[in-house]
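Report on the structure given below.
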There are 2 protein chains.
Amino acid sequence: MATMADVARSAGVSVATVSHVLNGTRPVLPHTRQAVLDAVEQLGYTPNTLARSLVTARTRSIGLAVSAISNPYFTEILQGVEAAALEHGYSLLIADPHDDPAHERTVVQLLHERRVEGMIVAPSPEPGGLLAYLRRHRVPAVFLDRLVGPPADDGPPLFDQVCAESTEPITGLVTHLAGLGHRRIGLVAGLPGLSTTTERITGYRLGLAASGLPFDERILVHGDSEAAGAERATGELLRLGSRPTALITANNAMTIGALRALQAHGLSVPGDIALCCFDDFAWADLFSPRLTAVSQPSRDIGARAVRMLLDRLADPGRPTRTERLPCSFVHRTSCGCPEERNPS
Amino acid sequence: MATMADVARSAGVSVATVSHVLNGTRPVLPHTRQAVLDAVEQLGYTPNTLARSLVTARTRSIGLAVSAISNPYFTEILQGVEAAALEHGYSLLIADPHDDPAHERTVVQLLHERRVEGMIVAPSPEPGGLLAYLRRHRVPAVFLDRLVGPPADDGPPLFDQVCAESTEPITGLVTHLAGLGHRRIGLVAGLPGLSTTTERITGYRLGLAASGLPFDERILVHGDSEAAGAERATGELLRLGSRPTALITANNAMTIGALRALQAHGLSVPGDIALCCFDDFAWADLFSPRLTAVSQPSRDIGARAVRMLLDRLADPGRPTRTERLPCSFVHRTSCGCPEERNPS
DNA sequence: CTGTTAGCGCCTTCAC
DNA sequence: GTGAAGGCGCTAACAG
């Protein structure tokens, strides 16, 4: 493969000159400049980013570590991240931690060994090892989706965070259902311990309170944040003596799981039971039940994460912040409303 | 950041020894070995892959360039690729060509400058620039999904390819619908020129022929391979004097578009019109219409692509091959069949 | 068994 | 306006 030295030789100049015309880093006579460009073209020279990075100590790459790349929510985030990264001249390295703390540590280290300048990660439920690694190696990072507790006392918090506002939207779902007359509204919540789970449960309880409904722990089940768990949990809910008349699912994977359970029990939505969910589906308008949902600004979350990361790279000393992006309520018919209309 | 020299100094050995214990590349006395390991641990040393790659001329990374990462089909491919890459110790760089030939060239060059050892790409409809670049720079590559014509005469073909078998499955869809009594079966085909489009049209015509039905070019429309185009094309189809009684869509994005058009026209599936599609949806069992579909082995396609690429890296001289993976027919109810049963 | 040394391809002072 | 030379962090001969 042609190197810069080859180009220099072929153009009859020094490597320094080649480097400078390629990077526009110092004035070069039009004539010599053209000679270099011709040589580049003729040899099919392609700069070696590795060598450059070795000396500049900048790779212009960022790492993305999110689990379940199959999840449409993360897919949209990925799009936002990819687009924003490219726009800023950064390349994207991706790795899937598979929601396993140990594997998470591994892939993060892999990314770091490749010297990504920073990483965007959706932390696993047990992010201890992750945090330790990032802090120890001073890897700039921004967390996505799930927030990680308050910073340790032994120094300033190292991490920025972006996520969607989820408490209030869930409250809205509850009050909407209550407004339709439902008095037993079940919740299929996510993995205990995740910040998203906690927030959504809070939103649920606030909604119940606002509607003058009692909190009944028997109809709050944990679906482990994914489809299989939600199917199981929903199944249990449905076998209850006095089953709920409405259901809220706390993320898209669990919505799928809940629907499976509903189908298995021969229940139709919204005829037999109303359903509202957190996370929208792109095609939700086209199939029935047409899901009434809270839609997260997934692409924006991804794009925002990139911007926050680049901000931090530009100024490592800036104070950490956690940004919350607003969701929108997408009213359809799975809640039992006959027609589309604005939320009450 | 700690370097190997730091570790060597701290452990009281030479950098060569450090390198060797880290890579297990030559025997080292247990005692010195431990000293090195301790130093590594104490300094929080992390190898710099860039420097290593510069000397070994191996990056152990591959690039993935596919458009529309949002498309569930590509998402599953991505999963397959990510898993297979990791399994073989490779990292993954991704870039979205946005189905634009110029941009495709750009991202491919970006990937190459980062010295990925090879790349997996779903070529754009106009892959001329892509091919030229890959050949000129001798970048090992395997193509996905869309096949690229026969190799030029000026040398052996450079590229391996993987895709799903799509002719025969589409034929199956046609004969299935014909078997249900349909005599006007429309096709929403993809972008003209893509191998996938050509193959699927061939399958369509074969199916018509096998069913003793005439080919009517008015009910074969081009949906440009994506949702918006399909919506428009399907709309035109529906405004036809004698509209088809059944529809086949040639990929998942176009299925969405077609459904939108159907909805806009107030047509229900399968009541007013039957629908079969190429590409399945993971959640298709849970919503209605429950789509009768041809399912591609997407994950396998991704994994297979990685394996082919690694095979080629291992033996650059091996003959090029193009692999076709079989699809499966997933019978549901959008075709108009009352109950699930095996295809006729 | 371990150390010394010469690059890998490039950027960047410092001279000219 | 251009060139020479050192060094980024690491591996791989080659000595010892």
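So that the names make sense, note that chain A is the first sequence line, chain B the second, and so on, each numbered from 1.
For C:dG3, the OP1/OP2 oxygens have a side-chain nitrogen or oxygen of B:Ser14 closer than 4.0 Å. Close to C:dC11, at under 4.0 Å from its OP1 or OP2, lies a side-chain N or O of A:Asn23. Dashed line: the shortest gap from a side-chain N or O of B:Thr17 to OP1 or OP2 of C:dG3 is under 4.0 Å.
A:Glu113 has its CD atom 13 Å from the C1' atom of D:dC10, to the nearest Å. In this structure, B:His20 places its NE2 atom 9 Å from P of D:dA13, rounding to the nearest Å. Per the geometry, CG belonging to A:Leu50 stands 18 Å off P belonging to D:dC8, to the nearest Å. What separates CZ of B:Arg26 from C1' of D:dA12 is a distance of 9 Å, to the nearest Å. We find that CG of B:Leu29 is positioned 11 Å from P of C:dG3, with the value rounded to whole Å. Rounded to whole angstrom, the span from the CZ atom of B:Arg52 across to the P atom of D:dC10 amounts to 9 Å. Rounded to whole angstrom, the span from the CZ atom of A:Arg115 across to the C1' atom of D:dC10 amounts to 11 Å. Rounded to whole angstrom, the span from the CG atom of A:Leu54 across to the P atom of D:dT11 amounts to 12 Å.
Among the heavy atoms of the strands lying under 4.0 Å from A:Ser19 is at least one base atom, whether or not backbone atoms are also near. If you check every strand for non-hydrogen atoms under 4.0 Å, B:Thr32 touches sugar and phosphate atoms only. Residue contacts for B:Ser53: at a heavy-atom cut-off of 4.0 Å it reaches no nucleic acid atom on any strand shown. A:Val13 comes within 4.0 angstrom of the backbone, heavy atoms only, and of no base. In this structure, B:Val18 reaches neither bases nor backbone, as no heavy-atom distance under 4.0 Å exists between it and the strands shown.
Below the 3.5 angstrom threshold, one finds no donor paired with an acceptor across the side chain of A:Arg9 and the base of D:dG3.
At least one donor-acceptor pair closer than 3.5 Å links the side chain of A:Glu117 to the backbone N or O of A:Thr59. Listed for the A:Glu76 side chain is no donor-acceptor partner under 3.5 Å among the backbone atoms of A:Ser298.
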Worked verdict on B:Arg114 versus A:Ser61 for side chain to side chain donor-acceptor pair (under 3.5 Å): CA-CA 10 Å; B:Arg114 289 212 136 74; A:Ser61 64; 4.7 Å; no
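Under the 30°/60° scheme for interplanar angles, the aromatic rings of B:Tyr133 and B:His112 are found to stand perpendicular.
Nearer to the 5' terminus of DNA chain C, by closest-nucleotide assignment, is the contact made by B:Arg33 (compared with the other of B:Arg33 and B:Val55).
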Without placing hydrogens or testing angles, list every side-chain donor-acceptor pair under 3.5 Å for residues 29-36 of chain B, not counting sequence neighbours.
unit_1: B:Thr32; atom_1: OG1; unit_2: B:Leu29; atom_2: O; d: 2.8
unit_1: B:Gln34; atom_1: NE2; unit_2: B:Asp38; atom_2: OD1; d: 3.0

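Taking every side-chain heavy atom of A:Val28 into account, D:dT2 is the closest of D:dT2, D:dG9, D:dT11.
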